[in-house]
Amino acid sequence: MTDFPVFDGHNDLILRLLRGEVTAAGVAAGLPDGHIDKPRARAGGFGGGMFAIFVPSPEDKALRHDEMRNASYEIPLPDPVPEAEAAGWTARGVDALEDLAAAGAVRICRTATEIEAALPAEEMAAVIHIEGAEGIDRDFARLHDWHARGLRSLGPVWSRETLWGHGVPFRYPSDPDTGPGLTEAGKALIAECNRLKIMVDLSHLNAAGVEDVARITDAPLVATHSNAWAVCPHSRNLTDRQLDMIRDSDGMVGINFASAFLRPDGRMEAEFGLDIVMRHLDHLLTRLGEDRVGLGSDFDGALVPDGIGDCAGLPDLLDAFRSHGVGDALMTRITHGNWLRVLRRTWGE
Ligand code: ZN
């Protein structure tokens, strides 16, 4: 058991289950590929994290990572997904998480205290997160249902447009000020999440959307999987103004391992040194302070640096942090302490 178990802001393992690529039993026993399974989580000190339920676009409109290898790019965003289709998919995502729990791979956690207890356990701590909220109806009936089943975190948009607002496109180089933010319905959703103490995720919102959330919520502002725009000027990353808003709200940022959001040249290519991760860490620490930086891997959703590879490679990242001067107290904060603090403030328990 490591002294520094990682609680992580974002992964897309559920998408693999919903696509039928893997089974809950397979996740528990070990998988030949991908970034997360139970044996590798144990080996790498991956104690758990936010497990995202993401509704994919039709296969022919799926996000093309290869276009992100160019020197500059703007990936066309897919069309909105119909509510009924998204609702069915999201419900199956909650089922998939319950299957993972039944298979002994995860423990679904609803409070920071439950996460803290699960981090050293055999099973991964899993917080149910919805990335893009197309499956939620205007009356919030499904929001309340899923909250009752454990939903504790939600992003009102994945970059694709929804009833709730406009997301940020995948554009490099670009700042995140790319268009209008939340709709009136979206503002009502944020207010309802605030009332239910569901965390609202800023990742995938554009600049106007971030300002909208900040005006409505009184919870800490959190970007679960985003990086520093000052280091990598990608539309998905956070400008210094946004980082200052997050600091002032006493929220936090999870460092995203997606190569295109780390590399200063914005390319989705995995061959580069972890020194680039350290540049984001330094900028985020300078801007946010030591209490407001954590990890948000994007495992199973992105091309991560070869130097990390998968969740079993986390010790190599922690070694790089240590070589960079991160001591025990800060290591505790980055790996899980800051997430526990911010989630406890958000959820009240
Ligand atoms: Zn994402």
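Numbers here simply count residues along the sequence, with the first being 1. One-based numbering, in listed order, for ligands and for the atoms of each.
No side-chain donor-acceptor contact under 3.5 Å links R292 to the backbone of I246. Distance alone, capped at 3.5 Å, is enough to place a donor-acceptor pair between the W339 side chain and the L295 backbone.
Note: H234 and F261 have perpendicular aromatic rings, judged against thresholds of 30 and 60 degrees for the angle between ring planes.
For the pairing with F170, the side-chain contact (heavy atoms from CB on, under 4.5 Å) check across E67, R236, E74 returns one residue only, R236.
Of all protein N/O/S atoms, those under 2.8 Å from the Zn ion (ligand 1) are E131 OE2, H204 NE2, H225 NE2, and waters are not counted.
The side-chain contact (heavy atoms from CB on, under 4.5 Å) test applied to T113 returns T111, R344, not counting sequence neighbours.
Ring centroids of H35 and F299 are separated by less than 6.0 Å, placing the two rings close together.
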